[in-house]
Asker: 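First the structure, then my questions, so here it is.
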2 protein chains.
Amino acid sequence: MHIIDIQAETIFQALSDPIRLRIIRILSTTNEEACLCEFVDSLLEPQYKLSRHIKILKQTGLLSASKDGRWIYHRLVMSTDYLKHLYQTILMIPDPDGQYAQDLKRFQKRMLLRDSGRCRVGVQNKDFQTDSMPKSHKN
Amino acid sequence: MHIIDIQAETIFQALSDPIRLRIIRILSTTNEEACLCEFVDSLLEPQYKLSRHIKILKQTGLLSASKDGRWIYHRLVMSTDYLKHLYQTILMIPDPDGQYAQDLKRFQKRMLLRDSGRCRVGVQNKDFQTDSMPKSHKN
DNA sequence: TGCATAGTTGCATAATAGTGCATATAATAA
DNA sequence: TTATTATATGCACTATTATGCAACTATGCA
């Protein structure tokens with residue numbers, strides 16, 4: 001059970017981080033649901049980092065989740081008009097450095113690994129898995 | 001001259017503060033321009049505080065200003081579709097504790113003091129002026 | 001020229017938020 | 001039941017942000 005925070009500033013606070021915006025943008029463009037490992041392969045960011053950002057989005061009421069075995073699928077909460085309007089707004093904002101276009105491309109490629117619409121594999125790009133992350137990819 | 005930051009996260013960051021949202025909401029509801037003293041009397045927050053928040057909104061490209069004597073009028077930047085869409089979205093978000101309704105009421109009352117559409121008086125509620133702010137109103 | 005006033009800002013402080021690392025939890029499969 | 005793997009999190013650290021106070025600038029008017 002998650003609490004939907006209706007405070008406007010909390011919603012915008014949740015959207016004030018580039019990684020969280022990348023997550024929201026992928027989901028609102030594709031109208032998909034996705035699990036953590038799929039985000040890791042799409043955004044090329046470490047698992048623990050994305051896990052935390054997803055948690056914040058959930059706490060704010062922008063994401064909801066459903067568990068399926070080891071996989072947890074995250075999707076946008078569309079329960080109100082203002083949330084739908086908000087996602088549309090986000091998609092209208094330019095993507096000057098093409099970051100989002102790249103994310104989307106990787107996401108769609110990753111979706112090809114789905115089996116009957118379900119994710120059956122973990123993180124493919126091992127560089128961004130929790131274990132054995134090479135120094136060369138750290139910030 | 002102000003720089004318009006097109007980064008989505010910067011825009012949402014600017015909206016992640018309750019005071020800044022109250023400013024945006026007043027302006028987008030009334031389609032007005034207003035000066036600092038009018039915001040002080042509408043939001044009942046100290047002048048230096050509002051001055052700083054307005055500065056942030058300007059730096060983010062959400063507000064523009066024009067000077068008229070000692071008064072500086074601030075208005076929403078409406079130069080792009082996504083900004084217009086964004087302001088609409090903000091107005092759709094509920095106002096559960098009625099904070100915004102109260103702000104608006106005070107703002108409209110304050111507008112009655114305009115003379116030929118111009119602000120001719122400073123802060124009326126002296127409690128929230130920079131000087132002589134009583135201890136009882138501090139957080 | 002000097003005063004009142006609209007607005008700005010430097011500084012110190014407190015609170016919040018993001019990150020990396022390592023480790024923990026939970027569920028599946030062998 | 002043991003290993004594997006998808007996901008979560010405690011901790012330390014750093015960076016950013018908001019605030020109050022006081023002093024500042026800038027403009028208009030007497």
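Residue numbering restarts at 1 for every chain, and letters A, B, ... go by the order of the sequence lines.
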Asker: Atom CD1 of A/Ile23 to atom C1' of C/dG18: distance rounded to whole Å?
Answerer: 14 Å
Asker: Roughly how many Å is it from CG in A/Leu36 to P in C/dA27, rounded to a whole number?
Answerer: 16 Å
Asker: Please list, chain by chain and in numerical order, all residues satisfying side-chain hydrogen bond (donor to acceptor under 3.5 Å, both in side chains) with B/Arg52, sequence neighbours excluded.
Answerer: none
Asker: I need the CG-P distance between A/Leu15 and C/dG18, as an integer number of Å.
Answerer: 12 Å
Asker: Sort me out a list of protein N/O and nucleotides 10-14 of chain D N/O pairs below 3.5 Å, or just none if empty.
Answerer:
| unit_1 | atom_1 | unit_2 | atom_2 | d |
| --- | --- | --- | --- | --- |
| D/dG10 | N7 | A/Arg52 | NH2 | 3.1 |
| D/dG10 | O6 | A/Arg52 | NH1 | 3.4 |
| D/dG10 | O6 | A/Arg52 | NH2 | 2.3 |
| D/dC11 | N4 | A/Arg52 | NH2 | 3.3 |

Asker: Send over the distance from A/Arg118 CZ to D/dA6 C1', rounded to a whole Å.
Answerer: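 After rounding, the reported distance stands at 14 Å.
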Asker: Can you check nucleotides 15-17 of chain C for protein contacts, nitrogen or oxygen pairs under 3.5 Å, and list what you find?
Answerer:
| unit_1 | atom_1 | unit_2 | atom_2 | d |
| --- | --- | --- | --- | --- |
| C/dA17 | OP1 | A/Gln13 | NE2 | 3.4 |

Asker: For residues 84-98 of chain B, which residue pairs pass the salt bridge (Lys or Arg N to Asp or Glu O under 4.0 Å) check, not counting sequence neighbours?
Answerer: none
Asker: I need the CD1-P distance between B/Ile72 and C/dT5, as an integer number of Å.
Answerer: 18 Å
Asker: May I have the distance from B/Lys49 (atom NZ) to C/dG7 (atom P), rounded to whole angstrom?
Answerer: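 The distance from NZ of B/Lys49 to P of C/dG7 comes to 18 Å, rounded to the nearest Å.
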Asker: Does B/Asp68 have any salt bridge (charged side-chain N to carboxylate O under 4.0 Å, His left out) partners at least two apart in sequence or in another chain, and if so, which?
Answerer: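 By the salt bridge (charged side-chain N to carboxylate O under 4.0 Å, His left out) rule, B/Asp68 matches B/Arg118.
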Asker: Compare side-chain N and O positions of B/His53 against OP1 and OP2 of D/dT17 and report whether any pair is under 4.0 Å apart.
Answerer: no
Asker: Not counting sequence neighbours, which residues clear side-chain contact (heavy atoms from CB on, under 4.5 Å) with A/Ser51? List them please.
Answerer: A/Leu36
Asker: Starting from the 5' end of DNA chain C, give me the residue, A/Ile56 or B/Gly122, whose nearest nucleotide shows up first.
Answerer: B/Gly122
Asker: Would you say B/Ser51 reaches C/dT8's phosphate, i.e. side-chain N/O to OP1/OP2 under 4.0 Å?
Answerer: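 The answer is yes; a side-chain N or O of B/Ser51 sits under 4.0 Å from OP1 or OP2.
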Asker: Atom CD1 of B/Ile19 and atom CD1 of B/Ile24: how far apart are they, to the nearest 0.5 Å?
Answerer: 13.0 Å
Asker: With sequence neighbours left out, write down each residue that passes side-chain hydrogen bond (donor to acceptor under 3.5 Å, both in side chains) with B/His85, or none if nothing qualifies.
Answerer: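 Checked B/His85 against side-chain hydrogen bond (donor to acceptor under 3.5 Å, both in side chains); matches are A/Thr89.
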Asker: Keeping to residues at least two apart or across chains, list the ring pair (Phe, Tyr, Trp, His ring centres under 6.0 Å) pairs with something in residues 6-46 of chain B.
Answerer: A/Phe12-B/Phe12
Asker: Kindly state each residue pair satisfying salt bridge (Lys or Arg N to Asp or Glu O under 4.0 Å) with at least one member in residues 70-83 of chain B, sequence neighbours excluded.
Answerer: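 Pairs touching residues 70-83 of chain B that pass the test: B/Glu33-B/Arg75.
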Asker: Where do A/Leu91 and A/Ser28 come nearest, in terms of heavy atoms and distance?
Answerer: CD2-OG, 3.6 Å
Asker: The criterion is side-chain hydrogen bond (donor to acceptor under 3.5 Å, both in side chains); which residues satisfy it with A/Asn31, sequence neighbours excluded?
Answerer: none
Asker: Can you tell me how far P of C/dT19 sits from CD of A/Gln47, to the nearest Å?
Answerer: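 Spelled out: CD on A/Gln47 to P on C/dT19 is 14 Å.
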Asker: With the sugar-phosphate defined as primed atoms, P, OP1 and OP2, and the base as all remaining atoms, what B/S/- string results for nucleotides 25-30 of chain D, 5' to 3', for protein heavy atoms under 4.0 Å?
Answerer: -SBS--
Asker: Given atom CD1 of A/Ile54 and atom P of D/dT7, what is their separation to the nearest angstrom?
Answerer: 8 Å
Asker: How would you list all residue pairs meeting salt bridge (Lys or Arg N to Asp or Glu O under 4.0 Å) that involve residues 15-30 of chain A, not counting sequence neighbours?
Answerer: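 Only A/Arg22-A/Glu45, A/Arg22-A/Asp103 qualify under salt bridge (Lys or Arg N to Asp or Glu O under 4.0 Å).
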